[in-house]
Amino acid sequence: MRDYMKDTDRYGKVWIWSAVIVILCVPAAACIYYNAWPEATAVLKGLLGVAPIFWTVGVIEVITYTPMLGVGGTYLAFVTGNLTSLKAPSALTAMENAGVKPGSEEGEVISTIAIATSSIVTTLVLAAGVGVLTLITPILNSEVMKPAFDNILPALFGGLAVVYVSKNWKLAMAPLIFMVVLFLLVPSLAGSVGVLVPVGVIIALAAARVMYKKGMV
Amino acid sequence: MEFNANSPFLYLVAVGVIVFVLAQSLFFLVRAYRRGKQLGIAPDKLKKTILSTTVFTIAPAISILVGVVTLSKFLGIPLPWIRMSVIGAITYELPAATSTANALGISLSEMITDPKVYTAIAWVMTLGILPSIILPPLLMKKIRGGMLKLQNKDAKWSDLFMTSMFLGMISAFLGMVFADIRNGLAGWIPIFVLLVSALLMAVCGLLIKKCNMKWLETYAMAISMVGAMAFAIVITPVIL
């Protein structure tokens, strides 16, 4: 039964290492074609501005999302990106609707199907959008539409919260109260929410462990 | 070769990358679908997963397209198109471009014409995100092993463990919505949007359970999300 998982891991590794080569080829191709290699110091200085925070978030995301998304889902989601705003919610919702548990092989299958579908749809929407970009840019950039895109995370997490928090309100209380208070006290943290995900996870786990030991959940 | 951020060559590179991403996604989709059938999951359920995810993905995908539009003002279309189709997210790409531009002392208010600036930004975007793609294959065995051990040792705690992880993640994002509350009524907009999304989801849940509208399950997430986004469009000009 575990052969599917083993194969998924093997194929996943082949695909993800190929993806590493493909994404490195993009800047390399531009450099070679235009014979324009940038100054190493410029790249290093640019990296210095973003790498410390994004490398940290990268490590955190891998550790947090891998158990939720399963093997195939993880290999695919980390290549196609937009994890928090799209891939993780779609995998979680799909598993919830299908009544399968993350970590089981059924969960693995449903999560992979959701992430693959989501990646394909996103890629196709982007390709179609790029094709008619001059036509739709005024609409996408309009002041009228701006609030919709500015509020995509609350619009997404409100619905998700109802599904998960209502079913597990005891487990949700501690991390939820902590996070709301934290953001009320230190609003500037909103920019580094990626780093706070594991903080929320640790608080949720600690509270769950205590309640489990006391037989409250 | 004269540089142009929208050159046919760069479009060609973009198409190559996009074909790769589609191929990988299709490969995993087909394998998982076949395995699902073998495991005895009803084909209807598998199809429903695909349909519901498709509907749910469209609104976020359009917001990702907005990211392409933002970046295309100075990077042209092909590079943002590539970055947003593979591992990218606007929350990362924009700071990466800005950081490089600052290092080079240039402005991003107009289209980049210097190929060296362009390639410097492309490298920073690529190298800055690399750990996210290199780490999963390196850490997979350890993480999977840990999860299996947990499942075998104490199945109930393992379930609670997973659920708590989701809740921890969701909590961080729910908390973030409250960050702007001190900016007056405008800071409340995200909270109102969150509440409308939650309300729509609750109504969908009631209809599914009480009125036996099972079909709604497929669209509930998309309805609450798009509904709340539409509400944001209506309420923002009223408040501001």
*Take B:Phe178 and A:Phe183, measure what ring-ring contact (aromatic ring centres under 6.0 Å, His included) needs, and give me the verdict at the end.*
CA-CA 6 Å; B:Phe178 289 81; A:Phe183 279 104; 9.0 Å; no

*Worked check of side chain to side chain contact (heavy atoms under 4.5 Å, CB included) between B:Lys73 and A:Asn141*: CA-CA 12 Å; B:Lys73 285 169 199 155; A:Asn141 267 345; 3.8 Å; yes

*asked:* Could you walk me through whether A:Thr112 and B:Arg31 satisfy the side chain to side chain contact (heavy atoms under 4.5 Å, CB included) test, starting with their C-alpha distance in whole Å, then the side-chain angles of each, then the deciding distance to 0.1 Å, before giving a yes or no?
replied: CA-CA 9 Å; A:Thr112 307; B:Arg31 277 191 83 241; over 6 Å; no

*Please walk me through it: do B:Ser85 and A:Thr123 pass side chain to side chain donor-acceptor pair (under 3.5 Å)?*
CA-CA 6 Å; B:Ser85 301; A:Thr123 313; 5.4 Å; no

*Start with the C-alpha gap between A:Trp17 and B:Ile134, add the side-chain angles, then the distance that decides, and say whether side chain to side chain contact (heavy atoms under 4.5 Å, CB included) holds.*
CA-CA 8 Å; A:Trp17 289 120; B:Ile134 285 176; 3.8 Å; yes

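Although no hydrogens or angles enter the test, the distance criterion places no donor-acceptor pair under 3.5 Å between the side chain of B:Ser164 and the main chain of A:Leu205. Not one N or O on the side chain of A:Trp55 forms a donor-acceptor pair closer than 3.5 Å with the backbone of B:Pro131. Here the side chain of B:Ser197 pairs a donor or acceptor atom with the backbone of A:Ala155 at under 3.5 angstrom. Without hydrogens or angle criteria, B:Lys116 side chain to A:Pro38 main chain gives no donor-acceptor distance under 3.5 Å. Under a 3.5 Å cut-off, the side chain of B:Arg144 and the backbone N or O of A:Val71 do not form any donor-acceptor pair.
Contact check on B:Arg35 versus A:Glu105 returns a salt bridge, with a Lys/Arg side-chain nitrogen under 4.0 Å from an Asp/Glu carboxylate oxygen.
Contacts with chain B were tallied for A:Gly158, A:Gly81, A:Ala77, A:Ala88; A:Gly158 has the most, counting heavy-atom pairs under 4.5 Å. Among the candidates A:Leu196, A:Asn168, A:Leu189, the residue making the largest number of heavy-atom pairs closer than 4.5 Å to chain B is A:Asn168.
For A:Tyr65, the part sitting under 4.5 Å from any heavy atom of chain B is the side chain, from C-beta outward, and nothing else. Contacts of A:Thr93 with chain B are made by side-chain atoms alone, with heavy-atom separations under 4.5 Å and no backbone atom involved. Both the backbone and the side chain of A:Ala28 come within less than 4.5 Å of a heavy atom of chain B. In this structure, chain B has a heavy atom under 4.5 Å from the side chain of A:Asp9, while its backbone stays farther away. For A:Ala174, no part lies under 4.5 angstrom from a heavy atom of chain B. Using a 4.5 Å cut-off between heavy atoms, A:Leu24 contacts chain B through both its backbone and its side chain. Contacts between A:Leu47 and chain B at a heavy-atom distance below 4.5 Å involve backbone atoms as well as side-chain atoms. For A:Ser111, no part lies near chain B; criterion is any non-hydrogen pair under 4.5 Å. When heavy atoms are compared at a cutoff of 4.5 Å, A:Thr41 does not approach chain B at all. The parts of A:Val59 that come within reach of chain B are both its backbone and its side chain, each placing non-hydrogen atoms under 4.5 angstrom from that chain. With a threshold of 4.5 angstrom between heavy atoms, A:Val100 does not approach chain B through any atom at all.
Taking the side chain as every heavy atom from C-beta outward, A:Leu156 and B:Phe56 approach each other to under 4.5 Å. Within the 4.5 Å cutoff, no side-chain heavy atoms of B:Phe166 are placed close to those of A:Glu96. Counting heavy atoms from C-beta on, the side chains of B:Ile133 and A:Val79 come closer than 4.5 Å.
Side chain to side chain, B:Thr53 and A:Ser90 fail the donor-acceptor criterion of an N or O pair below 3.5 Å. A side-chain donor from one of A:Tyr34 and B:Ser7 sits under 3.5 Å from a side-chain acceptor of the other.
When all heavy atoms of B:Pro136 and A:Phe78 are compared, the pair lying nearest together is CG-CG, 3.7 Å.
Ring pair B:Trp123/A:Trp37 is parallel by interplanar angle, where below 30° counts as parallel and above 60° as perpendicular. Relative ring orientation between A:Tyr212 and B:Trp157 is described as parallel, the plane-to-plane angle staying below 30° on a 0-90° scale split at 30° and 60°. In this structure, B:Tyr92 and A:Phe54 have perpendicular ring planes: the angle between them is above 60°, well past the 30° mark.
Screening B:Ile50, B:Val30, B:Ile41 for a side chain to side chain contact (heavy atoms under 4.5 Å, CB included) with A:Ile113, the sole residue that qualifies is B:Ile50.
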